[in-house]
Amino acid sequence: MRVGIVGSGRLGSPLGRLLAVAGHDVFFSDADPARAAAAAARAADGHARGGSPIEAMRFGEVVIMAVGWEAFPAVVAELGVALAGKIVVDPSNPIGERDGAAVVVAVPDGLTSPQYQQHVLGAEVRLVRTFNTKYPNELLELGTVGQRGGARADMPYWGDDDGAKKAVVPLIEDAGFTAIDGGGLSESL
Ligand SMILES: NC(=O)c1ccc[n+]([C@@H]2O[C@H](COP(=O)([O-])OP(=O)(O)OC[C@H]3O[C@@H](n4cnc5c(N)ncnc54)[C@H](OP(=O)(O)O)[C@@H]3O)[C@@H](O)[C@H]2O)c1
């Protein structure tokens with residue numbers, strides 16, 4: 001599958017690497033082009049390249065939004081209508097940064113985190129929340145074990161669009177995990 005990644009930092013880089021090694025075509029992007037190029041180089045044992053966020057968005061049959069929770073509006077401003085109709089994976093947790101320190105952000109209006117991100121991205125986006133429950137080094141280690149035939153860790157996923165969920169399950173499995181359907185976005189961790 002063609003996978004676009006927006007945000008090639010701590011999470012986007014190893015996640016894209018797992019998918020590239022599994023044989024998916026991965027297009028890394030980042031606000032910093034050098035970071036996208038470095039992520040593509042780290043995944044060079046798979047099918048990977050780097051470029052701009054708009055290129056990643058156009059390339060991906062599935063797009064992984066691996067930017068900070070509070071960066072979603074900036075991505076929407078940059079990518080605009082290109083997002084409509086896309087299957088978007090949301091691994092974001094409501095953590096922000098204040099004066100250089102990480103802080104937990106209160107999600108407005110009693111929504112779950114992905115319900116809020118769905119609101120930010122727009123109703124046309126086919127959102128699936130997953131890959132949010134592991135630290136990046138844990139994700140890479142567990143995924144690699146699973147890919148090599150070892151014991152597989154569970155990876156929950158949530159969404160309100162059944163077709164989008166069905167499309168994302170093979171990515172979770174190919175990344176080396178057992179995909180566990182957690183239900184709709186309202187039930188998400
Ligand atoms: N790290 C974890 O332990 C972990 C675990 C589970 C889930 N997550 C979630 O995964 C997401 C990414 O976290 P992370 O730890 O990988 O963060 P990170 O290391 O800061 O990586 C995010 C990357 O996205 C880039 N970016 C910011 N705005 C952008 C934009 N508009 N367009 C393109 N790229 C943009 C950032 O560039 P700049 O630095 O230049 O802004 C940075 O390189 C977060 O939502 C987080 O909650 C993280």
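Counting starts at 1 for both ligands and their atoms, in listed order. Note that this is a predicted model, so its numbers are computed, not measured.
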How close does the nearest protein non-hydrogen atom get to [atom], and which residue and atom is it?
atom	result
atom 30 (C) of ligand 1	Val75 CG2, 3.8 Å
atom 13 (O) of ligand 1	Leu11 CB, 4.4 Å
atom 34 (N) of ligand 1	Ala31 N, 2.9 Å
atom 23 (C) of ligand 1	Asp30 OD2, 3.4 Å
atom 42 (C) of ligand 1	Arg35 NH1, 3.2 Å

### Message
Check this for me: Arg2, atom CZ, are more than 12 non-hydrogen atoms of other residues, nucleotides or ligands nearer than 6.0 Å?
### Response
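Counting other residues, nucleotides and ligands, CZ of Arg2 exceeds 12 neighbours.
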#### Entry: Parallel, tilted or perpendicular: rings of Tyr116 and Trp69 (30°, 60°)
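Rings of Trp69 and Tyr116: parallel, as their planes differ by under 30°.
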### Query
Considering all protein heavy atoms, does one lie under 4.0 Å from atom 10 (O) of ligand 1?
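Yes; the ligand atom in question has protein heavy-atom contact below 4.0 Å.
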Does [X] come within less than 4.0 Å of ligand 1, judged by its heavy atoms?
X	answer
Asp32	no
Ile95	no
Lys134	yes

### Message
Heavy atom to atom 45 (O) of ligand 1, shortest distance: which of Ile5, Val76, Val67, Ile64 holds it?
### Response
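It is Val67 whose heavy atom sits nearest to atom 45 (O) of ligand 1.
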### Query
Considering Ala66, Gly96, Pro14, Pro136, which one's heavy-atom position lies nearest to atom 3 (O) of ligand 1?
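Residue with the shortest heavy-atom distance to the ligand atom: Pro136.
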### Message
Using a 4.0 Å heavy-atom cut-off, which part of Val6 comes near ligand 1: side chain, backbone, both, or neither?
### Response
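For Val6, only side-chain atoms sit under 4.0 Å from ligand 1.
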